[in-house]
Amino acid sequence: MDIATTLPGRGAVVPRARLRTDRPAQSLDGRWRFRVSPSLRGAPDDGWQRSAVAEWGDIEVPGHWNLQGYGLPAYSNVQMPFPVDPPHPPDANPIGDYRVDFDADPGVWDAPRRLLRFDGIESAAEIWLNGVSLGTTRGSRLTHEFDVTDTLVESGNRLAVRVAQFSDATYLENQDMWWLPGIFRSVTVHGEPVGAVRDVFVQADFDPETGAGTVQIDVDATASAHLIIPELDIDVAASGTIHVGSVEPWSAEHPRLYDAQVRTAAESVTLRIGFRRVEVRDAQLMVNGAPIMLRGVNRHEHRARHGRVHDADVVREELLLMKRHHINAVRTSHYPPHPDVLDLFDELGFWVIDECDLETHGFEHVQWRGNPSADPRWREAFVDRMQRTVHRDKNHPSVIMWSLGNESHTGANLEAMARWAKGYDPSRLIHYEGDHASTYVDIYSRMYASHDEVRAIAEEQPAGEDEHRRSLPFILCEFAHAMGTGPGGMQEYWDLFEAHPRLAGGFVWEWIEQGIEVDGPDGSARILYGGDFGEDVHDGNFVIDGLVDVHRRPRPGLLHYAAVIAPVSIEVDADRSAATIGNRYDTLGLAGVALQWSRTVDGEVVAAGDLIAPVCGPRERVMVALPEEARAEGRASQADVLTVEAVTIEDSTWAAAGHLLGSGQQVELAAVDVPPPFEAVVTDAEVGAAEIDPVTGRVQALAGLRISGPDVGVWRAPTDNDRDVGDDEPDLPSYAQRWRAAGMDRTVTRLLGIQPDGGTLVVRSRTGVPILDCALEARMRWTPLSETAVRLDVELTPSGPWPTEWARLGLDLELEGNPQGVDLVGEGPMPSYPDLRSAARFGWWRLDADDLTIDHVRPQESGSRMGVREAVIRARDGAVRIRTLGASFALTVSRHSRRALDGTPHNWELPDEARTFVSIDLAQSGVGTATCGPGVLPQHRLSPRAAAVSLVLERL
Ligand code: GAL
């Protein structure tokens, strides 16, 4: 087996479209025999392709062997896991031998030509049937078919596959994901009849001027073939250009498909045709004559225990989840997905960038020396990959762009791929982010460009040397790195996308967290990341960076993204006389949308109704008058909130009727009722209901409930984004490092004074950091209010030069036992930060213990709720109500201390501290997206500042 070539696989038949056909097919998926050897040289050459394999183990096909007990998975991103020595893999290279015996199904056996198909083998394979070598595969996520007409026997077939985990192909497949070898997609034998339909290429165009559809069809058939589209009364010879008359176009918003067949006397192929025209005009991305906005995500194929093995039910649910969160575009990062996923994209409606299985990123660490993209010896391999991608998926209307691959720098081989694809399929655009000059692509694409740079690109004029690039629409094929708490700044990107016609949207990196789930010693499941399997080279938790967790449960980032890209925007006038409704669909009107309003006073809905839905075309805005009963009356004690929502009227494939498409609010906060003073004992140890420690000046109990604090703090347990260096400040250490260098995580407090003062107690303290002289002075005035309540007025004043910005400015309290939940009057229900807030709505929210913080695989700060007026914190021994008498605050209630979050690598290692940690933040920094892209935008940073708050603390 030669696994150090620069060539494509050999022996396979020419690539062709994946077709749904009635030809006989036999799945070979199931239990196979298996063994693994540590190296190719060490792999036995014992006639294993034919001989008995009694002592071998078993394996599930499709599957990855290192997720089935044969070896361990490994994760690395850019770094190659072995020396960069192309085209050679290392000697230490697991080699998997697969064997399966089968009898041919009668249908297959009776067919005059028989083919054996592999949909995915990572990374290189050699294939034998009945002792005859059929050839080799390259392109792990690509289909290979072998002609087995002469090798298949009726019964007792012996299929043998030797798979190398690493090979020359590894240099072309260095995507940021787990190394997961094996036959991980299906294996099928099928029989080809005389008069077969071997290949079909349908290009279905829609003319936006006339509404007419045209089918350009190329068929490779061994008999004459017909194209039949019953709905359009078409039954014609399947060749050339066919005018089909007036049609409804396909779009992601209205994925109209026409069932069709390509038929010979012997074989019938079923297609679902979508008519659409993709073009670039005036530097805009247009489909069917109108601009479109890509509200996208990057999608890897991943399951917690099965890696990249497809599961039809999981994927359907996953795509429905995307639809429900208004995602309308997918980049298949960084390889073609399982072929059936494309059918779902067509059916459910997604704009798709179908990406070739190519990434040579490992060469970046050697300054791109020897990069295969620029080495002619690899040309054929590159073009072969592109051809396999395009041929397999060419009949899917959802695919509007072919992407050459990811992060492979530049070179003539990429150009050759683009040339071939453009020549073969002029109906789609070519995408490749690495072509920064955009010489051989049709769309200008970048990843993680800052907001400022995106604005500058939006304003470029198509002139000058790089006129071609400047005349192209622009997308961010990756932005908003959804790792940990974040990503911040999505709204600001979207505001730009909407303001500039050249900007056609972007794709959040990435959809799913790619953790691997294993059973811990106690049998409970745990999620692991890079390094947890003992890898020498790894990239830690950089693989845990999704809008959904590994079980596809939404993270807050997805909820906020859904609001950022919501199809309907709603802004309510300050006087509630009217609302402005924005239709952000590219092609649909608002006929399917109902508008509802409701007015909530102090948590009770006091009035509600429907609004007459306006006529409003795509990308238009209209004003809608609001009824008299929607107005605020000034009788609230907490808040009077008007919420206007747009919801779907009918059930759709992706959501039941009533699904939220957008919302807007007008919040009238009530004038705060300041409680009268209350006669009570005030000493340095007691302020009415509050028991004070006269030594520290901290509270110890409130009406008998143990509670301690408040402690002044400016630090948070660093998020993933805090730990990384943002592109906007490449020369500075990460925020986390800056905070640590400033000692913000180790503050030290000195009591300055504790003094009864006219029925109140004034406690003054200075909270400093070790080593430096900067500090925060706190003046806290405690006032008794009742048998169970006290008032706390806090003024915080920074002193000295703080060497860095803060994470937050707040007060910490602790209660005994784990938190039981929180009832909140403020923004929710999901967590929010200044730059990650779009979905949060003012309301009366009940949060259970598990809703309080986010169970990130790598622990970090999470769970803040902004705009809080009042909260009841339910702890083990009792509840405390905290309400503001002035400015709102942000509340975080956690069962983990910041110290523990900071110092614990995995969620399943967090200690049970049996405490309830409460943070009342007067100000907070945003979270940014520094793991990839810019850090916190200037307007969301927190420079040292004074702040004050007046609170009522009451034991319930
Ligand atoms: C990009 C790359 C992705 C992923 C991401 C970081 O540069 O294209 O594959 O590595 O960075 O998560």
Side-chain angles (χ1 to χ4, degrees), residues 74-81 140-141 170 172-180 296-302 308 330-337 353-365 368 371 373 403-410 414 431-436 441 445-450 453 475-490 506-515 529-531 537-550 555 557 719-721 723-727 730 856-858 928-935:
Y75 163 62
S76 66
N77 174 11
V78 182
Q79 317 182 74
M80 289 293 282
S140 299
R141 272 66 62 170
T170 309
L172 309 189
E173 295 177 6
N174 187 28
Q175 291 98 340
D176 177 7
M177 58 193 193
W178 293 93
W179 298 102
L180 297 176
V297 290
N298 281 279
R299 177 180 180 275
H300 264 287
E301 307 229 284
H302 186 76
R308 290 186 277 278
V330 172
R331 172 175 177 234
T332 70
S333 52
H334 297 300
Y335 43 82
I353 301 185
D354 195 349
E355 191 148 274
C356 183
D357 192 358
L358 179 80
E359 173 159 344
T360 68
H361 210 171
F363 289 83
E364 186 176 275
H365 280 297
W368 298 103
N371 182 23
S373 305
S403 177
L404 307 181
N406 188 54
E407 300 195 304
S408 301
H409 205 237
T410 52
L414 291 157
H431 169 271
Y432 175 57
E433 183 272 343
D435 181 15
H436 286 193
V441 295
S445 172
R446 294 281 304 280
M447 47 175 78
Y448 308 112
S450 70
E453 197 180 357
I475 59 166
L476 281 172
C477 69
E478 294 180 26
F479 80 111
H481 197 253
M483 186 170 178
T485 299
M490 292 189 289
F507 297 77
V508 167
W509 186 269
E510 69 179 296
W511 169 248
I512 192 169
E513 295 181 358
Q514 298 177 58
Y529 51 73
V537 176
H538 69 81
D539 286 290
N541 70 326
F542 211 60
V543 78
I544 311 282
D545 54 353
L547 291 173
V548 295
D549 75 7
V550 71
R555 296 291 194 192
T719 64
D720 288 311
N721 287 309
R723 289 189 195 110
D724 225 316
V725 175
D727 292 348
H856 287 294
V857 177
R858 177 161 179 185
T929 175
T931 41
C932 265

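Ligands are counted one by one from 1 in listed order, and the atoms in each one are counted from 1 as well. These values consider heavy atoms only, across backbone and side chains, with no hydrogens, waters or symmetry-generated copies. It should be emphasised that the depicted structure is a prediction, and the values quoted were computed from it without experimental measurement.
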**side-chain contact (heavy atoms from CB on, under 4.5 Å) against Asn77, all qualifying residues, sequence neighbours excluded** = Tyr75, Asp176, Asp539, Phe542
**Request:** Identify, with sequence neighbours excluded, every residue that meets ring pair (Phe, Tyr, Trp, His ring centres under 6.0 Å) alongside Trp511.
**Result:** none
**Request:** Please list, chain by chain and in numerical order, all residues satisfying ring pair (Phe, Tyr, Trp, His ring centres under 6.0 Å) with His409, sequence neighbours excluded.
**Result:** Trp368
**Prompt:** Taking it one step at a time, do His300 and Trp509 satisfy ring pair (Phe, Tyr, Trp, His ring centres under 6.0 Å)?
**Reply:** CA-CA 10 Å; His300 264 287; Trp509 186 269; 5.6 Å; yes
**Asked** For ligand 1, what is the set of protein residues having any non-hydrogen atom at a distance below 4.0 Å?
**Response** Asn77, Asp176, His334, Asn406, Glu407, Met447, Tyr448, Glu478, His481, Trp509, Phe542, Asp545, Cys932
**Prompt:** Is any side-chain N of the basic residue among Glu513 and Arg555 closer than 4.0 Å to the acidic one's carboxylate O?
**Reply:** yes
**Message:** Under a 4.0 Å threshold between the charged nitrogen and the carboxylate oxygen, would Arg331 count as salt-bridged to Glu355?
**Reply:**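 Judged by the 4.0 Å cut-off on N to carboxylate O distance, Glu355 and Arg331 do form a salt bridge.
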